[in-house]
Amino acid sequence: MTFPLRLLAHDLRVPENVGSLFRISDALGVERLHLTGRTPIPPHAKIRRLARATEKTVSWRYDGDPGPVLKELGTAGYTLAAVETGADSRDVRSLAEADYDRIAIVVGAEREGLPPDVLERCSMRLRVPMFGLNTSMNVAQAAAIALWEAGRRFYPFAELPSATDP
């Protein structure tokens, strides 16, 4: 089951993070994972190890330049939401009140973040609230939180089995 939920990962360098994004995409019903820039792609042993075969079942696509992908998503009616720390970023929990029918979460390299040209194309910037000493988290963890918050309006909780069901 998938939802009108996309994930774009730009210039990630760590293959294990990409593997994690495949698993997260599978678990949260992402309809397509977009990998752009220098992001490693399957087949790759480290991606495969963390993806646990989801790189074979999750719909994904690689494009060198994120610009055309972002334009395509915008034209198709996706709200583009960058996960990026900063003064103009809003709490990711605000997605519950945001107005969108389709959403694409956009993440970038942990150290550099997203380049200005990608950020300019996104209509909102999101941050995950941090309560400890650290000011950021792993890109896969942040993507999982943003996807969960974005997808809550799509998930048919009434149809999901409870934790106690066999």
Side-chain angles (χ1 to χ4, degrees), residues 2-42 44 46-47 50-52 54-55 58-74 76 78-96 98 100 102-130 132 134-155:
T2 62
F3 304 98
L5 188 57
R6 301 276 182 112
L7 175 61
L8 186 146
H10 180 65
D11 276 350
L12 302 190
R13 290 194 178 93
V14 180
E16 289 88 349
N17 284 335
V18 178
S20 291
L21 292 179
F22 272 100
R23 271 180 90 178
I24 290 163
S25 295
D26 175 67
L28 298 180
V30 170
E31 67 183 355
R32 177 165 290 160
L33 171 59
H34 298 271
L35 305 173
T36 63
R38 296 175 298 207
T39 303
I41 62 171
H44 190 292
K46 291 180 179 180
I47 292 173
L50 263 75
R52 298 188 56 140
T54 57
E55 80 282 9
V58 167
S59 174
W60 68 277
R61 184 173 105 194
Y62 173 79
D63 291 277
D65 182 358
V69 179
L70 293 166
K71 182 177 181 181
E72 175 186 317
L73 290 169
Y78 286 84
T79 296
L80 303 175
V83 178
E84 187 77 24
T85 58
D88 58 346
S89 295
R90 62 194 229 193
D91 190 314
V92 70
R93 294 172 292 181
S94 69
L95 282 173
Y100 59 86
R102 301 170 173 191
I103 190 162
I105 300 296
V106 182
V107 298
E110 289 182 15
R111 192 172 304 260
E112 297 85 15
L114 290 164
D117 62 319
V118 171
L119 285 172
E120 288 169 8
R121 292 177 179 260
C122 296
S123 60
M124 67 175 84
R125 294 182 192 185
L126 305 168
R127 65 176 156 63
V128 176
M130 303 293 293
N134 208 344
T135 59
S136 66
M137 62 177 42
N138 172 274
V139 66
Q141 294 166 340
I145 292 167
L147 287 166
W148 174 259
E149 288 295 333
R152 285 191 314 156
R153 69 179 49 198
F154 306 123
Y155 302 143

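Throughout, numbering of the chain's residues begins at 1 and tracks the sequence.
Contact detail for Ile145 and Val92: the closest heavy-atom pair is CG2-CG1, 4.0 Å. A pairwise comparison of heavy atoms in Leu126 and Ser89 identifies C-CB, 4.1 Å as the closest pair. Closest of all the heavy-atom pairs between Phe154 and Pro4 is CE2-CG, 3.5 Å. Nearest heavy atoms, Val83 versus Ala146: CG2-CB, 3.7 Å. A pairwise comparison of heavy atoms in Leu12 and Ala109 identifies CD2-N, 3.8 Å as the closest pair. Nearest heavy atoms, Leu50 versus Ser20: CD2-OG, 3.3 Å.
Arg127 is not listed as a side-chain neighbour of Arg90, based on a closest heavy-atom distance of 4.5 Å or more. Here the side chains of His34 and Leu7 are not in contact, with every heavy-atom distance at 4.5 Å or above. Looking at heavy atoms from C-beta onward, Leu95 lies out of side-chain contact with Arg152 at the 4.5 angstrom threshold. With contacts defined as side-chain heavy-atom distances shorter than 4.5 Å, the pair Thr2/Val30 does not qualify.
Although no hydrogens or angles enter the test, the distance criterion places a donor-acceptor pair under 3.5 Å between the side chain of Tyr100 and the main chain of Ala150. Under the 3.5 Å distance criterion, the side-chain polar atoms of Arg153 are matched with a main-chain donor or acceptor of Ala96. One N or O on the side chain of Tyr62 and one on the backbone of Gly37 form a donor-acceptor pair closer than 3.5 Å. A donor-acceptor contact shorter than 3.5 Å is absent between the side chain of Glu110 and the backbone of Asn138. Side chain of Arg102 to backbone of Ala76: a donor-acceptor contact under 3.5 angstrom is found. Between the side chain of Thr39 and the main chain of Ala9, a donor-acceptor pair closer than 3.5 Å is present.
Every residue two or more places apart in sequence or in another chain that forms a side chain to side chain contact (heavy atoms under 4.5 Å, CB included) with Glu84 is listed here: Leu114, Leu119. Residues passing the side chain to side chain contact (heavy atoms under 4.5 Å, CB included) test with Asn134, sequence neighbours excluded: Met130, Ser136. By the side chain to side chain contact (heavy atoms under 4.5 Å, CB included) test, Thr36 is found to be paired with Leu8, His10, Asp63, Pro66, Val69, residues two or more places apart in sequence or in another chain being considered.
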Query raised in the report: Going through the distances and angles, do Arg32 and Ser59 end up as a side chain to side chain donor-acceptor pair (under 3.5 Å)?
Result: CA-CA 5 Å; Arg32 177 165 290 160; Ser59 174; 3.0 Å; yes
Report task. Apply the test salt bridge (charged side-chain N to carboxylate O under 4.0 Å, His left out) to residues Glu72 and Arg6: give CA-CA distance (whole Å), side-chain angles for both, the deciding distance (0.1 Å), then the verdict. Result -> CA-CA 12 Å; Glu72 175 186 317; Arg6 301 276 182 112; 5.0 Å; no
Report task. Kindly indicate, with the supporting measurements, whether the criterion side-chain contact (heavy atoms from CB on, under 4.5 Å) is fulfilled by Leu21 and Val58. Result -> CA-CA 10 Å; Leu21 292 179; Val58 167; over 6 Å; no
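Taking CG of Leu28 as the start and CD of Glu149 as the end, the distance is 11.0 Å to the nearest 0.5 Å. Atoms CD1 and CG, on Ile103 and Leu147 in that order, are 9.0 Å from each other to the nearest 0.5 Å. Once rounded to the nearest 0.5 Å, the distance linking CG of Asp11 with CZ of Arg38 reads 4.0 Å. Atoms CG and CG, from Leu70 and Asp65 in turn, are 8.5 Å apart once rounded to the nearest 0.5 Å.
Taking a 6.0 Å sphere around CZ of Arg61, one finds it holds more than 12 heavy atoms contributed by other residues, nucleotides or ligands.
Side-chain contact of Arg23 with Thr54: a donor-acceptor pair under 3.5 Å is absent, judged by distance alone.
Classified by interplanar angle (parallel below 30°, tilted 30° to 60°, perpendicular above 60°), the ring pair Phe22/Trp60 is perpendicular.
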